[in-house]
Amino acid sequence: MTLKIRMVDLAKGNQTAKFDIHNKGVRKFEHLGIKWKKNPKTIQEQNEKREKLKLVQILANKREMDLLQDKYEIEAEYDLNTDFVAYMDKFIAYHQIKEIKKFYAAQRMFLHFIKREEINCCEITEALLRRFVQFLEQRLKGESPSNYFAKLKQIIKAATSDNHFRRNPAENIKVKKTQFLHKEVLNFTEIKRLSETPLKNSEVKNAFLFCCLTGLRFCDANVLRWGNVFSDKIKIVQEKTKVPLTIPLSQDALDLLPSRRNYDDLVFTLPSHTACQKWLKRWMQDAEIEKHISWHCGRHSFGTNLIAHGVDVSIASKLLGHTSLANTQRYVRVNDEMKASAISKFPSISNN
């Protein structure tokens, strides 16, 4: 039995690895699904490549041990008393930055559920996990319960492979995905009405309108600095996904910016997210807009208005900084509802 690690070049300068396994006269390849920059340029890319290569070697050693156990019919030894929370931390640390936040969010929900900082793997049963699903469904809406449990399920599957469970306690549990909850959006008439409606906190007013015209999330607008702002565009690394994004600025968006200050100074000085929500609620009432508008609705308004005015969904996806067109399709569905509403207002040509 032999196992060799083969490097495979991918598109866009990426690289991955696969296992070349010869076992019992049969040769097969196993792809790992882990990738990194072949020739990293930044320190972050160099560190990521180094950590990914370490992970590949760890996986190779484990796979080789599995093959040897199979060859000599060695019964696997189980370590059921491993602290699952500590295992989660190690598991999460090896994932891409954009996935880490999702795993940590799932971990926080699980810790909130068990009300403990430690739990041994032997204590995690199918019954416990089913109660956790009920806990998620009672507190979260839309796709969130399914998404949180999917992340936890990935970790449990890995822990099962590492012999911390005799059987995967999550394998028979499926969380039904409920329909995506459409957020309220503002059309351009309503955005114009807001711009004409006074708000005592002008920073909140200008920042929210700026998000409606650029698609920025609150977390990005809150940390936007003058070094990110150029004459006709902004360049940021998104706080949520850590993906670089360039957004052209319309004249309306430029007019909302205050006077330029130093490179590292914040563009908008905003209160807490909770305080901003309270300002928005008051502002909507003053503007007589009867919609439940959160700050994130500004981003949804931007995406929906792009598509409503004929912008191709792939271009809208780039402007929103989405990593998948599936996310942008949600804005298309909202726009379909708007179109149906518009058609329903046509006068009837029937004599009845």
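All figures in this text were calculated on a predicted structure; none of them were measured in a lab.
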Any chance you could measure L186, atom CG, to N305, atom CG, to the nearest 0.5 Å?
8.0 Å
Go through the steps for F29 and F19 under the test ring pair (Phe, Tyr, Trp, His ring centres under 6.0 Å), then give the verdict.
CA-CA 5 Å; F29 296 99; F19 295 156; over 10 Å; no
Under 4.0 Å between a Lys/Arg side-chain N and an Asp/Glu carboxylate O for K52 and E48?
yes
Considering only heavy atoms from C-beta outward, does the side chain of Q15 approach that of K37 to under 4.5 Å?
no
Rounded to the nearest 0.5 Å, the SG atom of C211 sits from the CG atom of N206 at a distance of 11.0 Å
Would you indicate whether the side-chain heavy atoms of I21 and R27 approach each other to under 4.5 Å?
no
Per the ring pair (Phe, Tyr, Trp, His ring centres under 6.0 Å) rule, which among F110, Y148, F113 passes with F135?
F113
Who pairs with R130 by salt bridge (Lys or Arg N to Asp or Glu O under 4.0 Å), at least two apart in sequence or on another chain?
E126
Pair I155-F84, side chain to side chain contact (heavy atoms under 4.5 Å, CB included): steps then yes or no:
CA-CA 9 Å; I155 301 174; F84 183 66; 3.9 Å; yes
Minimum side-chain heavy-atom gap L3-D20 below 4.5 Å
no
May I ask you to decide if V313's main-chain N or O and S317's side chain share a donor-acceptor pair within less than 3.5 Å?
no
Nearest 0.5 Å, please: how far is CG in L280 from CE in M284?
5.0 Å
Do you know which two heavy atoms are closest between K318 and L245, and how far apart they sit?
O-CD1, 3.2 Å
Smallest heavy-atom separation, P258 atom then F268 atom, equals CD-CE2, 4.2 Å
Has the side chain of D220 got a donor or acceptor atom that lies under 3.5 Å from a matching backbone atom of E239?
yes
Does atom NZ of K291 have more than 12 heavy-atom neighbours, drawn from other residues, nucleotides or ligands, at distances under 6.0 Å?
yes
By the definition salt bridge (charged side-chain N to carboxylate O under 4.0 Å, His left out), identify the one residue from K62, K18, R6, R63 that meets it with E30.
R63
Determine, step by step, whether N47 and E51 satisfy the side-chain hydrogen bond (donor to acceptor under 3.5 Å, both in side chains) criterion, reporting the C-alpha distance in whole Å, the side-chain angles of both residues, the deciding distance to 0.1 Å, and the verdict.
CA-CA 6 Å; N47 290 338; E51 292 302 317; over 6 Å; no
Inspect the contact between E123 and R116 and indicate whether a charged nitrogen and a carboxylate oxygen are less than 4.0 angstrom apart.
yes
Evaluate whether atom CD of E196 has more than 12 neighbouring non-hydrogen atoms of other residues, nucleotides or ligands under 6.0 angstrom away.
yes
Just say parallel, tilted or perpendicular for the rings of F132 and F149, cut-offs at 30° and 60°.
tilted
Nearest heavy atoms of W226 and L266, plus distance in Å:
NE1-O, 3.7 Å
Are side-chain N/O atoms of T328 and H322 paired as donor and acceptor at under 3.5 Å?
yes
What closest approach, in Å, do I92 and I100 show between heavy atoms, and which atom pair accounts for it?
O-CG1, 3.5 Å
Working for side chain to side chain contact (heavy atoms under 4.5 Å, CB included), residues L209 and D252
CA-CA 9 Å; L209 290 173; D252 284 340; over 6 Å; no
Does any N or O in the side chain of R108 come within less than 3.5 Å of the main-chain N or O of F103, such that one atom is a donor and the other an acceptor?
no
Note: E288-R193 ion pair, threshold 4.0 Å (strictly below)
no
What are the two closest heavy atoms between T125 and P169, and how far apart are they?
C-CB, 3.9 Å
Check for me, please, whether L128 and M109 land in the same ILVMFWY cluster - side-chain distances under 4.5 Å, paths through other members count.
yes
Shared hydrophobic cluster, F230 / L224 (ILVMFWY, side-chain heavy atoms < 4.5 Å):
no
Do the side chains of P40 and W36 get nearer than 4.5 Å, heavy atoms only?
no
May I ask you to test the I234-L216 pair for a side-chain heavy-atom distance under 4.5 Å?
yes
So CD1 of I5 and CD of E64: to nearest 0.5 Å the spacing works out to 9.0 Å
Heavy-atom donor-acceptor pair, D162 side chain to H164 backbone, under 3.5 Å
no
Begin with the C-alpha distance, continue with both residues' side-chain angles, and end with the deciding distance and a verdict on side chain to side chain contact (heavy atoms under 4.5 Å, CB included) for K153 and V175.
CA-CA 11 Å; K153 202 169 182 178; V175 182; over 6 Å; no
Verify, without hydrogens or angle tests, whether N120 (side chain) and C122 (backbone) share a donor-acceptor contact under 3.5 angstrom.
no
Backbone N or O of T197 within a donor-acceptor pair of the K205 side chain at under 3.5 Å?
yes
At their closest point, which heavy atom of I289 faces which heavy atom of E190, and how far apart are they?
CD1-O, 3.8 Å
For K174, which residues count as a salt bridge (Lys or Arg N to Asp or Glu O under 4.0 Å) partner, sequence neighbours excluded?
none
Side-chain donor/acceptor of Q238 to backbone N/O of V243, under 3.5 Å:
yes
Heavy-atom check, side chain of I247 versus side chain of K233, under 4.5 Å:
no
If you round to the nearest 0.5 Å, how far is OG of S294 from CZ of F218?
11.5 Å
Using modelled atom types only, decide if a donor and an acceptor are shared between the side chain of R225 and the backbone of N262 within a distance under 3.5 Å.
no
Donor-acceptor contact present, side-chain D286 to main-chain W283, <3.5 Å:
no
Does a salt bridge link K38 with D9, judged by any charged N lying under 4.0 Å from a carboxylate O?
yes
Determine whether Q107 and L111 make a side-chain contact, defined as any pair of heavy atoms from C-beta on separated by less than 4.5 Å.
yes
For the residue pair I236 and V223, establish whether any side-chain heavy-atom pair is separated by less than 4.5 Å.
no
Residues N163, D79; criterion side chain to side chain contact (heavy atoms under 4.5 Å, CB included); working and verdict
CA-CA 6 Å; N163 295 330; D79 183 3; over 6 Å; no
Rounded distance [0.5 Å steps], CD1 in I293 versus CD in Q285:
12.5 Å
Quick check against the 3.5 Å criterion: does T16 have a side-chain atom that pairs as donor or acceptor with the backbone of I34?
yes
